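Ligands are counted one by one from 1 in listed order, and the atoms in each one are counted from 1 as well. By convention here, the first residue in the shown sequence is residue 1. Computed from heavy atoms alone, side chains included, the values below leave out hydrogens, waters and symmetry copies. Given the structure is predicted, the values throughout are model-derived calculations rather than measurements.
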Amino acid sequence: MLSVSEAQRKLLETLIPVETEITTLTQAAGKVLGEAIVADLDYPPFSNSSMDGFAVKAADLRGASTNRPKNLKVVDDLAAGYIAGVSLKEGEAIRIMTGAPVPKGADTVIPVEMTDFNTRDSGSPLPGSVNVFQSVEYGSFVRQEGEDFQKGTSLISPGHRLRPQEIGLLAMLGKQEIVTYRVPRVGLFSTGDELLPLDANLEPGKIRETNSYTLGGLVASCGAEPIYLGIAKDRQDAVKNLLDDAIAKGVDLIVSSAGVSVGAFDFVRKVIEKFGKLGFWKVNMRPGKPIAFGSYQQVPFVGLPGNPVSAFVGFEVFLRPALYLLAGLKDWSRKVQKVRLLEPIESDGRESYLRAIITFKDGEWVARPLRSQSSGNLFSLTQSDGLIVLPAEESNLQAGAEIDAWYFSFVP
Ligand code: AMP
Ligand code: MG
């Protein structure tokens, strides 16, 4: 039996990222950047005021106080978007709005609050002079040209998922089109004679097909696109038909659930063995020991176990990192939270993923394992906040022990 980390490594080493394409900026949020973004200008592009106030020479204000204000002659009025018509001389001030370029001759801005002209009302007439009640350091309230970044600075690396703040930064640079990785397409199908589609009436011995929907949500949460292929009966030709359909639809990865253990009706594994390539299929984990990895017509294939929780856990352990890699992400390491166990846990020595309620209490993260850990009980998975991970070989942990938790978070 393979260890989880060996199986992960073997799967990931067979995968390569999808190709890149051009995306418009408004379509780019959540996509993975496919080019290096280097500043082609200094930012801010010009020194500007960070406050509404008066542009001044700091030296003119030396010694200013509430009792002994310095009086400056106001010589111009400067809104954001305009250049001052005059340059500032000793003893002068120019009224200036946030974002307006600091005029020639000025080095500092005094906010209106520090003056006797404490108003921002639009249309308020410009005073002939202004009293300033305090001195400030040279350069105060000025955002200096190039203080955020300079031309040539590396701003965003390829392989980074574009969050709203990166989209804004790209807009600052005037990038209307950028190179991103294409969204990976993941073909999903289920197998089993007992499975019915959602629009069918339940019949004795049958259940509704569930896993495609759970897995579709997980695929989307990785920033990939689920392609729903349907249900195959427990027959070789039915499974092969859906695999062929997946190929016809041009998916980047095929994921099935059920039919991969050693049951008499487990045709998925047999079909992949016969018509494709089967890597390996037993991993030392719980739930979800039987997992098939391989390929079908050069497209990577992962066959998850059928039980709804096993399929979910198998996805989190193997397919989330796999999809991140396919999507072009450079760093797909999982954020792990250390939590304190509120109850003892046991396992049979396989790496165990247990559903838990995870909360922040009395200054620390704590986890209470769900009573039902049955791999068929999807309801108990909906009641949990995350999985706690008991490593292989550790057969039990006492209450109070620290353990790794994977807090569910479904934002790509
Ligand atoms: P199998 O891997 O085929 O032995 O299936 C294991 C268990 O998971 C059985 O109880 C199946 O009925 C159930 N199962 C398999 N596929 C699905 C599915 N797509 N949705 C819900 N339950 C499933
Ligand atoms: Mg089955």
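In this structure, Phe379 places its CZ atom where only 12 or fewer heavy-atom neighbours from other residues, nucleotides or ligands lie under 6.0 Å away. More than 12 heavy atoms of other shown residues, nucleotides or ligands fall within 6.0 angstrom of atom CD in Glu13.
The proximity of Ile231 to ligand 1, defined as any non-hydrogen pair under 4.0 Å, does not occur for either the backbone or the side chain. Contacts of Val260 with ligand 1, taken as heavy-atom pairs under 4.0 Å, are absent altogether. With a 4.0 Å cut-off on non-hydrogen atoms, Ala258 touches ligand 1 through its backbone as well as its side chain.
Scanning the protein heavy atoms around atom 11 (C) of ligand 1, the nearest turns out to be Glu194 OE2, 3.0 Å. Atom 19 (N) of ligand 1 has Glu209 OE2, 2.8 Å as its closest protein atom, hydrogens excluded (heavy atom only). Remark: minimum distance from atom 18 (C) of ligand 1 to any protein heavy atom is reached at Asn211 ND2, 3.3 Å.
Taking a cutoff of 4.0 Å between a charged side-chain nitrogen and a carboxylate oxygen, Glu166 and Arg163 qualify as a salt bridge.
Those atoms of ligand 1 that come under 4.0 Å of a heavy atom in Ser190, given as number and element, are 19 (N).
Note: an N/O pair closer than 3.5 Å links Gly306 and ligand 1 by distance alone.
In this model, no donor atom of one side chain and acceptor atom of the other lie less than 3.5 Å apart for Ser3 and Asn284. Side chains of Gln144 and Ser47: a donor-acceptor N/O pair is present below 3.5 angstrom, by distance only.
By the side-chain hydrogen bond (donor to acceptor under 3.5 Å, both in side chains) test, Glu364 pairs with Arg340, sequence neighbours left out. Residues satisfying the ring pair (Phe, Tyr, Trp, His ring centres under 6.0 Å) test with Phe267, not counting sequence neighbours, are none.
The residue among Asn307, Thr210, Asp193, Ile207 with a heavy atom at the shortest distance from atom 22 (N) of ligand 1 is Ile207.
Heavy-atom separations between Gly376 and ligand 1 are all 4.0 Å or longer.
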